[in-house]
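Starting from 1, each residue takes its place in the sequence as its number.
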Amino acid sequence: MPAVLTGCAGAAQYYEGTGVHDVTVAEVAGEWENTEGARVVLRKDGTAQVEALDEAAFAFDDGLRLSGKGRWELVDKRGGQRVRLDLTKRTKVATRSSSPSPSAVPVAPTMTDDAPPVDFWLFHVDRDQRDELVLFFFVGDPDTGNTYVMRREAASGPEAP
């Protein structure tokens, strides 16, 4: 009798990429934010500033938000381009409050020393319906396919040459 194999294999595990291959470093450079208050500045020289960026994949569930300085690069893989962001100097580690209800009052993040030993993110590069760049990574259990999306800060475009 043949054996049946089962396992956890969600969207993130089989995701090959967005298929975007035409983005330049100049287009990615600039200020990015998400709805939870994270902010990332990617400079053309490959340096980066990170403020309250949540961790990716399963580490997202730990609730840590990291800040500091780092380096980034735009890489092109078969499935599409990605931005690799390495945090080289951690300046702050905070914790995210757990799923506040819509009526909850925002609480300032608390400080903690429980940070992971290696801090890096792989953002997929995509374009939205208006053809504007979007950076994202998967968070939590890969079976859910949940994403953490970064968009250009309002009034921020690619860095000027």
Please test V149 against N34 for side chain to side chain contact (heavy atoms under 4.5 Å, CB included), starting from the C-alpha separation and ending with a verdict.
CA-CA 6 Å; V149 179; N34 84 340; 5.9 Å; no
Walk me through it: do D45 and T47 pass the test side chain to side chain donor-acceptor pair (under 3.5 Å)?
CA-CA 6 Å; D45 67 359; T47 60; 2.6 Å; yes
So W121 and L87, side chain to side chain contact (heavy atoms under 4.5 Å, CB included) or not? Walk me through it.
CA-CA 9 Å; W121 297 262; L87 196 63; 4.0 Å; yes
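Atom CZ of F60 and atom CZ of R96 lie 3.5 Å apart (nearest 0.5 Å). Here the CG-CZ distance, from D54 to R65, works out to 4.5 Å after rounding to the nearest 0.5 Å. In this structure, CD in E31 is found 4.5 Å from CD in E153, a value given to the nearest 0.5 Å. Distance CG/L53 to CD/E36: 12.0 Å, rounded to 0.5 Å. H21 NE2 to R78 CZ: the interatomic distance, rounded to the nearest 0.5 Å, is 9.5 Å. Annotation: the span from L135 atom CG to E33 atom CD amounts to 12.0 Å, rounded to 0.5 Å.
Checked against side-chain contact (heavy atoms from CB on, under 4.5 Å), D131 has the following partners two or more places apart in sequence or in another chain: R127.
With contacts defined as side-chain heavy-atom distances shorter than 4.5 Å, the pair F58/V139 does not qualify. Using a 4.5 Å heavy-atom cutoff, the side chains of D126 and L133 are not in contact. Contact of the K77 side chain with the E16 side chain is not registered, since no non-hydrogen atoms from C-beta on lie closer than 4.5 Å.
The closest donor-acceptor contact from the side chain of T147 to the backbone of F136 lies at 3.5 Å or more, if one exists at all. Put simply, the side chain of E73 never gets that close to the backbone of V83: no donor and acceptor are under 3.5 Å apart.
With a 6.0 Å cutoff to the six-membered ring centre and a 45° limit on the axis angle, R71 does not count as a cation-pi contact of F120. A cation-pi contact, defined as under 6.0 Å to the ring centre and within 45° of the axis, is absent between R82 and F123.
Here the closest heavy-atom approach between residue L66 and residue V50 is recorded as O-CG1, 3.4 Å. Across G37 and A52, no two heavy atoms sit closer than the pair O-CB, 4.5 Å. When every heavy atom of V28 is checked against every heavy atom of L74, the shortest pair comes out as CG2-CD1, 4.2 Å. The two residues A48 and W72 come nearest to each other via the heavy atoms CB-CD1, 4.1 Å. Between G17 and H124 the shortest heavy-atom distance is CA-ND1, 4.2 Å.
Paired with D119 under the rule salt bridge (Lys or Arg N to Asp or Glu O under 4.0 Å), one option of K89, K69, R90 passes, and it is R90.
Between R151 and D128 there is a salt bridge, with a side-chain nitrogen of the basic residue lying less than 4.0 Å from a carboxylate oxygen of the acidic one.
Ring-plane geometry between F137 and Y148 is classed as parallel, the angle between the planes falling under 30 degrees on a 0 to 90 degree scale with a further cut at 60.
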